[in-house]
Amino acid sequence: MGNKTLAIIKPDAVKNGYTGKIYHRIIQSDYKILSAKLLKMTKAQAEGFYSVHQKRPFYNELTVFMSSGPCMVLALEKENAVNSWRETIGATNPAEAADGTIRNDFATNIQENAVHGSDSDENAQKEIAFFFSESELISTQ
Ligand code: ADP
Ligand code: MG
């Protein structure tokens, strides 16, 4: 059993029709999908999810964007899941994201950057619990 991380296919990527492609990459990169669901966050939910960024100048814009349309949230498991998933997605700014990363291939700009990834095991646990109950973390494999 590996570590867990939370991934989100953000509203821009869903709207642009990349959900299937990104889901396929997740499977191809050997993550176990413990759970996945499509949801549309309220502004308040997005504010809660990104509360660590509340002092940042982009906080309001970011939470408007994250509540602007459906997204897919996924609980992933793999050895070293947090760092591994951050490598798979690439840098926050797609202009700086390495070739072959999800953000390089599918992001629009630094805000609408296609996907989310947790930044530590501790935050991964909190973020997974934000969207999923224990009984939903089941895995198909
Ligand atoms: P990451 O998602 O790579 O962990 P951060 O935690 O720093 O990046 O930021 C959270 C999210 O806020 C980013 O994914 C992006 O959507 C948005 N964001 C970050 N920096 C900026 C910025 N300078 N301008 C607008 N939006 C930003
Ligand atoms: Mg972050």
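Counting starts at 1 for both ligands and their atoms, following the listed order. By convention here, the first residue in the shown sequence is residue 1.
Remark: ligand 1 and Arg103 share an N or O pair separated by less than 3.5 Å (distance only, no angle test). Residue Thr92 has at least one nitrogen or oxygen atom sitting less than 3.5 Å from a nitrogen or oxygen atom of ligand 1, judged on distance alone. Among the atoms of Arg86, some N or O lies under 3.5 angstrom from an N or O of ligand 1.
Side-chain atoms of Tyr59 come within 3.5 Å of backbone N or O of Glu47 as a donor-acceptor pair. Side-chain atoms of Asn123 never come within 3.5 Å of backbone atoms of Ser118 as a donor-acceptor pair (strictly under, hydrogens ignored). Without hydrogens or angle criteria, Ser84 side chain to Ala81 main chain gives no donor-acceptor distance under 3.5 Å.
Taking a cutoff of 4.0 Å between a charged side-chain nitrogen and a carboxylate oxygen, Lys37 and Glu136 qualify as a salt bridge.
Every residue two or more places apart in sequence or in another chain that forms a ring-ring contact (aromatic ring centres under 6.0 Å, His included) with Phe130 is listed here: Phe49.
Taking a 4.0 Å cut-off on heavy atoms, Asp119 fails to register as neighbouring ligand 1. The closest approach between Lys10 and ligand 1 falls below 4.0 Å for a heavy atom of the residue.
Within the 4.0 Å heavy-atom criterion, the part of His53 lying near ligand 1 is the side chain and not the backbone. Only the side chain of Asn113 comes within 4.0 Å of ligand 1, judged by heavy-atom distances.
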